[in-house]
Amino acid sequence: MAYDERSLSEVLKQAMEKAKIKKTVTLHCLRHSYATQLLESGTDLRYIQEI
């Protein structure tokens with residue numbers, strides 16, 4: 001099942017509300033955080049670029 005960006009943003013918004021997180025977080029921010037975590041843990045850069 002595929003989700004569009006608006007649906008994912010709404011899921012993220014609801015999760016943030018449930019977790020009572022006030023900081024602004026976007027899908028773009030999460031994507032970069034994930035990539036940074038992978039890179040810092042030694043994952044090959046070419047693999048990160050693929051995903």
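If you read the sequence from its start, that first residue is 1, and numbering goes on from there. Below, all heavy atoms of this structure are taken into account, side chains as well, without hydrogens, waters or symmetry copies. Note that the structure is predicted; figures quoted are calculated from it, not measured.
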Q: Taking all non-hydrogen atoms of both residues into account, name the closest pair between Ser9 and Leu27 and its distance.
A: OG-CD1, 3.4 Å

Q: Begin from the C-alpha positions of Tyr34 and Ile51 and carry the test side chain to side chain contact (heavy atoms under 4.5 Å, CB included) through to its verdict.
A: CA-CA 11 Å; Tyr34 178 60; Ile51 60 170; 3.9 Å; yes

Q: Drop me the distance from Asp44's CG to Gln49's CD, to the nearest 0.5 angstrom.
A: 8.5 Å

Q: Could you pull out the closest heavy-atom pair between Val25 and Met16, with the gap in Å?
A: CG2-CE, 3.4 Å

Q: Nearest 0.5 Å please: distance from the CG atom of Leu39 over to the NE2 atom of His32.
A: 12.5 Å

Q: State whether the number of non-hydrogen atoms from other residues, nucleotides or ligands found under 6.0 Å of Gln14 atom CD is greater than 12.
A: yes

Q | Interatomic distance, Leu30 atom CG to Gln37 atom CD [nearest 0.5 angstrom] | A | 13.0 Å

Q.
Taking the side chain as everything from C-beta on, heavy atoms only, tell me whether Glu10 gets closer than 4.5 Å to Lys13.
A. yes

Q: To the nearest 0.5 angstrom, please state how far the CG atom of Leu45 sits from the CG atom of Leu38.
A: 10.5 Å

